[in-house]
Amino acid sequence: MVIAGHYVVDTWQGHTLVKKFIFGKFEGVVTEWISFVVFLGIPLVTLCITLCARLANFWEITSLVWVSCVGAFYMIFSGGIVLYENRACLEAMKNQFENDVDTLPHLLARAIL
């Protein structure tokens, strides 16, 4: 729930975390275009196609596509956040002790045991 809350806040405030961590290589404009395509572009194209096809349940299909797009963007967001959190935790564990254990299995064994 915490990650979902941060996702909503980050989306409302202009994707500050997404711009910094997930799409850090790209400029801010590219991130805004990606979010536009995910949140509005794909659902609007789906709406136009279903209306042109004269489907009776066009609104259901468009809503499912919109929820799927937002869910996929959320999965990318949450995966990026979890990745960076785990990477920071492993870096802190690596720097905490004096010995030079840099391999992932040794760090995981130290974290579990």
Side-chain angles (χ1 to χ4, degrees):
M1 286 303 289
V2 172
I3 294 176
H6 283 289
Y7 174 70
V8 171
V9 170
D10 185 60
T11 303
W12 185 255
Q13 292 178 348
H15 303 289
T16 54
L17 287 174
V18 171
K19 286 178 186 175
K20 187 171 184 178
F21 293 111
I22 298 171
F23 297 128
K25 295 181 260 184
F26 304 121
E27 297 176 12
V29 175
V30 175
T31 306
E32 294 296 330
W33 274 104
I34 291 171
S35 65
F36 168 75
V37 167
V38 169
F39 287 112
L40 290 176
I42 296 172
L44 285 176
V45 169
T46 304
L47 178 68
C48 292
I49 290 171
T50 54
L51 282 175
C52 288
R54 297 180 189 244
L55 296 176
N57 58 349
F58 68 92
W59 192 245
E60 293 174 18
I61 295 170
T62 305
S63 299
L64 287 174
V65 167
W66 179 77
V67 167
S68 300
C69 288
V70 171
F73 201 71
Y74 170 72
M75 295 304 284
I76 292 170
F77 177 83
S78 62
I81 295 299
V82 169
L83 176 75
Y84 279 104
E85 288 284 333
N86 287 333
R87 186 179 295 167
C89 178
L90 292 174
E91 284 292 324
M93 284 178 46
K94 191 186 307 182
N95 295 332
Q96 181 181 10
F97 299 107
E98 298 297 325
N99 56 1
D100 293 328
V101 177
D102 291 338
T103 61
L104 184 62
H106 287 100
L107 287 173
L108 290 176
R110 184 185 298 164
I112 294 170
L113 302 175

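Heads up: numbering here begins at 1 and tracks the sequence.
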Asks: Between Ser35 and Phe73, what is the shortest heavy-atom contact and its length?
Replies: CB-CZ, 4.5 Å
Asks: Under a 4.5 Å side-chain heavy-atom rule over Ile, Leu, Val, Met, Phe, Trp and Tyr, are Leu64 and Met75 clustered together?
Replies: no
Asks: Give a yes or no on whether Ile49 and Val65 share a hydrophobic cluster (residues Ile, Leu, Val, Met, Phe, Trp, Tyr; joining criterion: side-chain heavy atoms under 4.5 Å apart).
Replies: no
Asks: With rounding to the nearest 0.5 angstrom, report the CG to CH2 distance, Leu47 to Trp59.
Replies: 6.5 Å
Asks: Under the side chain to side chain contact (heavy atoms under 4.5 Å, CB included) test against Val37, which residue among Val45, Ile42, Leu44 passes?
Replies: Ile42
Asks: Of all heavy-atom pairs between Pro43 and Thr62, which one has the smallest distance, and what is that distance?
Replies: O-CG2, 3.6 Å
Asks: Within this structure, what is the CD1-CD1 distance for the pair Ile81 and Ile76, rounded to the nearest 0.5 Å?
Replies: 12.5 Å
Asks: For residues Leu83 and Phe77: do they belong to one hydrophobic cluster (side chain heavy atoms under 4.5 Å, members Ile, Leu, Val, Met, Phe, Trp, Tyr)?
Replies: no
